[in-house]
Amino acid sequence: MNLNPAKIPDSFLNMSVDDLNERIIEIKVKLGKRLQILGHHYMSDEVIAHADERGDSFALAKIAAQTDAEFIVFCGVHFMAETADIVTALNQKVFIPDPGAGCFLADCARIRDVENVWREIETVSSHKIIPITYVNSGADMKAFCGDNGGLVCTSSNAAVALKWAFERGDKVIFFPDQHLGRNTAFALGIALEEIILWNPDEALGGNSLDSIKQAKVILWDGFCIVHQEFDVGYIEKLRQVDPQINIIVHPECDFSVAQAADFMGSTAYIIRMISAAQPGSHWAVATEKNLVNRLKSSYPDKRIEILQSFEPYCKSMAQITLTKLAYQLDQIDRGNLINQVIVDDQYVISARIALNRMLELT
Ligand code: 13P
Ligand code: SF4
């Protein structure tokens with residue numbers, strides 16, 4: 001898999017924003033229904049303005065599974081484009097304007113480590129374990145879950161996925177985001193003592209045999225660097241200054257932050273809650289800055305701020321720029337299919353099984 005973006009010529013690098021916008025619109029009109037641009041909510045305003053559909057990772061996976069478009073240009077990070085490639089038909093092509101836009105969290109779970117740990121757990125526990133991987137993971141991880149009776153989840157459906165797993169097994173191993181796993185399991189009533197963290201660099205993941213036997217949920221030791229920027233100290237200070245404030249956080253935040261918050265949910269949930277809130281209400285939001293700033297400008301009748309003194313942002317999402325989007329579309333228009341995301345054949349079928357189990361969850 002080539003993760004280097006195609007080199008962009010100076011003629012494009014020097015184009016004005018107006019010219020880039022014009023070229024994008026021209027190609028969109030020309031290709032019509034043959035082209036669909038999908039944009040994650042963390043994209044910049046100038047990129048998301050061109051998305052035919054915008055959404056969180058779950059919504060975009062569903063749209064990708066349903067679209068008939070021949071060319072799908074994914075403005076998001078690499079695992080999202082990979083997911084789209086897995087759920088689309090063979091005649092559909094998925095592109096990402098910068099294939100190097102990875103995800104720190106997805107990179108926390110390497111398949112070789114995961115397979116070693118799976119074997120290690122099997123030798124010490126006779127329980128039936130169901131693997132769940134957060135969609136923020138590689139296609140190899142999704143295939144691993146498909147092959148071992150598990151599924152994929154997103155932050156929108158992690159609770160339903162956990163319930164699905166407990167109907168089929170005794171324990172769950174949750175990859176790669178420990179925070180989404182812990183926050184969701186705890187919200188479902190699983191005690192913290194029954195949720196253990198597995199450090200792949202330590203024997204038995206750093207746990208005792210007894211704690212492994214008693215555990216209901218085993219968490220992989222992964223996290224999102226962006227969502228670790230939010231902290232409880234800031235929440236306490238904010239509540240002192242503004243007792244009316246509503247604190248809403250993404251479940252990739254630390255457990256202490258999730259516990260101190262008033263509301264927790266996926267990107268789509270955060271948008272729903274704030275759009276439905278009373279005019280005049282105050283909101284502090286713990287998630288990526290592009291989304292928070294867009295909420296702020298979309299709802300001037302509510303006071304919305306980011307839950308930090310600075311603006312945490314996702315460098316990977318920011319790699320998808322207007323210039324790269326324009327060049328991507330220009331090249332598709334010329335029949336030069338650069339930056340196509342093609343998931344390795346060896347993972348497609350099993351990863352699709354794990355993704356379809358998620359898409360069928362109600
Ligand atoms: P959503 O599933 O809420 O879109 O989140 C994806 C993500 O990468 C959050 O950091
Ligand atoms: Fe990955 Fe975090 Fe960026 Fe989301 S915000 S894409 S989890 S690094």
Side-chain angles (χ1 to χ4, degrees), residues 1-57 59-60 63-64 67-85 88 92-103 226 267 271 287-298 311-342:
M1 183 181 10
N2 184 5
L3 295 182
N4 296 318
K7 193 164 165 10
I8 302 182
D10 286 348
S11 55
F12 259 85
L13 293 175
N14 297 331
M15 256 192 210
S16 69
V17 169
D18 284 351
D19 288 348
L20 291 168
N21 282 329
E22 205 175 293
R23 182 76 185 114
I24 292 171
I25 292 164
E26 187 191 332
I27 299 167
K28 283 181 73 173
V29 170
K30 184 171 168 198
L31 293 179
K33 287 202 161 45
R34 292 177 69 202
L35 169 71
Q36 188 163 40
I37 302 178
L38 304 181
H40 188 270
H41 289 302
Y42 293 173
M43 288 290 105
S44 66
D45 287 348
E46 53 183 21
V47 169
I48 203 109
H50 294 291
D52 298 303
E53 300 282 352
R54 53 177 85 176
D56 66 356
S57 54
L60 295 175
I63 294 165
T67 183
D68 292 326
E70 186 183 338
F71 307 117
I72 297 151
V73 174
F74 211 114
C75 298
V77 287
H78 194 266
F79 74 80
M80 296 179 179
E82 262 191 355
T83 300
D85 184 50
T88 45
Q92 296 176 290
K93 296 179 173 58
V94 178
F95 304 89
I96 183 166
D98 184 345
C103 164
V226 181
T267 305
I271 296 170
T287 196
E288 216 271 349
K289 73 158 190 173
N290 281 326
L291 173 62
V292 180
N293 287 333
R294 203 166 300 123
L295 285 168
K296 227 193 261 189
S297 49
S298 306
E311 295 191 315
Y313 81 102
C314 178
K315 279 189 187 146
S316 307
M317 293 276 186
Q319 281 177 241
I320 309 298
T321 61
L322 189 68
T323 307
K324 288 179 191 168
L325 173 60
Y327 187 60
Q328 177 71 65
L329 297 181
D330 175 82
Q331 293 298 292
I332 293 174
D333 183 36
R334 292 172 197 275
N336 184 20
L337 304 183
I338 57 165
N339 303 333
Q340 189 180 346
V341 179
I342 305 175

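When each of Lys93, Arg34, Gln92 is checked for a side-chain hydrogen bond (donor to acceptor under 3.5 Å, both in side chains) with Glu70, only Arg34 meets the rule. Test Thr267, Leu60, Leu295 against His41 for side-chain contact (heavy atoms from CB on, under 4.5 Å) and you get one pass: Thr267.
Thr67 places no side-chain N or O within 3.5 Å of a backbone atom of Ile63 that could act as its donor or acceptor partner. Looking at Asp10, its side chain never comes within 3.5 Å of a backbone N or O of Leu13 through a donor-acceptor pair. Side chain of Arg294 to backbone of Met43: a donor-acceptor contact under 3.5 angstrom is found. Checking side-chain atoms of Ser316 against main-chain N and O of Gly102 turns up a donor-acceptor pair under 3.5 Å. With hydrogens and angles disregarded, a donor-acceptor distance shorter than 3.5 Å links the side chain of Asp52 to the backbone of Ile37. The closest donor-acceptor contact from the side chain of Lys28 to the backbone of His50 lies under 3.5 Å.
Considering only heavy atoms from C-beta on, Pro99 stays 4.5 Å or farther from Val341 through its side chain. Taking the side chain as every heavy atom from C-beta outward, Asp330 and Phe12 approach each other to under 4.5 Å. With a 4.5 Å cut-off on side-chain heavy atoms, Tyr327 and Ile338 count as touching. Annotation: side chain of Asn290 is not in contact with side chain of Met317 (no heavy-atom distance under 4.5 Å). For the pair Ile24 and Leu322, the minimum side-chain heavy-atom distance is below 4.5 Å.
We find the CD1-CE distance between Ile96 and Met80 to be 9.0 Å, quoted to the nearest 0.5 Å. One finds the CG atom of Leu337 at 9.0 Å from the CD1 atom of Ile342 (value rounded to the nearest 0.5 Å). Note: Gln328 CD to Thr321 OG1 = 11.0 Å, rounded to the nearest 0.5 Å. Residue Leu20 holds its CG atom at 6.5 Å from OG of Ser16, rounded to the nearest 0.5 Å. Expressed to the nearest 0.5 Å, how far CE of Met15 lies from CD of Glu22 amounts to 9.5 Å. Once rounded to the nearest 0.5 Å, the distance linking CG of Asp45 with OG of Ser297 reads 6.0 Å.
Using a 3.5 Å distance cut-off with no hydrogens or angles, the side chains of Asn293 and Glu311 do pair a donor with an acceptor.
Between Ala64 and Leu38 the shortest heavy-atom distance is CB-CD1, 4.2 Å. Across all non-hydrogen atoms, the minimal contact from Gly76 to Ile320 is O-CG1, 3.5 Å. The two atoms that bring Val226 and Cys314 nearest to each other are CG2-CA, 3.7 Å, heavy atoms only.
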Take Thr287 and Tyr42, measure what side-chain contact (heavy atoms from CB on, under 4.5 Å) needs, and give me the verdict at the end.
-> CA-CA 9 Å; Thr287 196; Tyr42 293 173; 2.8 Å; yes
In sequence, state the C-alpha distance, the side-chain angles, and the governing distance for Leu329 and Leu35, and then conclude on side-chain contact (heavy atoms from CB on, under 4.5 Å).
-> CA-CA 9 Å; Leu329 297 181; Leu35 169 71; 4.0 Å; yes
Stepwise side-chain contact (heavy atoms from CB on, under 4.5 Å) check, Glu46 with Leu325 | CA-CA 10 Å; Glu46 53 183 21; Leu325 173 60; over 6 Å; no
Using the side-chain contact (heavy atoms from CB on, under 4.5 Å) rule, take Glu26 and Lys30 through it: C-alpha gap first, then chi angles, then the decisive distance, then the call.
-> CA-CA 6 Å; Glu26 187 191 332; Lys30 184 171 168 198; 5.9 Å; no
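Every residue was checked against the side chain to side chain donor-acceptor pair (under 3.5 Å) condition with Asp68, not counting sequence neighbours, and none meets it.
Ion pairing between Arg23 and Asp19 fails under the 4.0 Å rule for side-chain N and carboxylate O.
Between Phe95 and Phe71, the ring planes lie tilted relative to each other; the angle falls in the 30° to 60° range.
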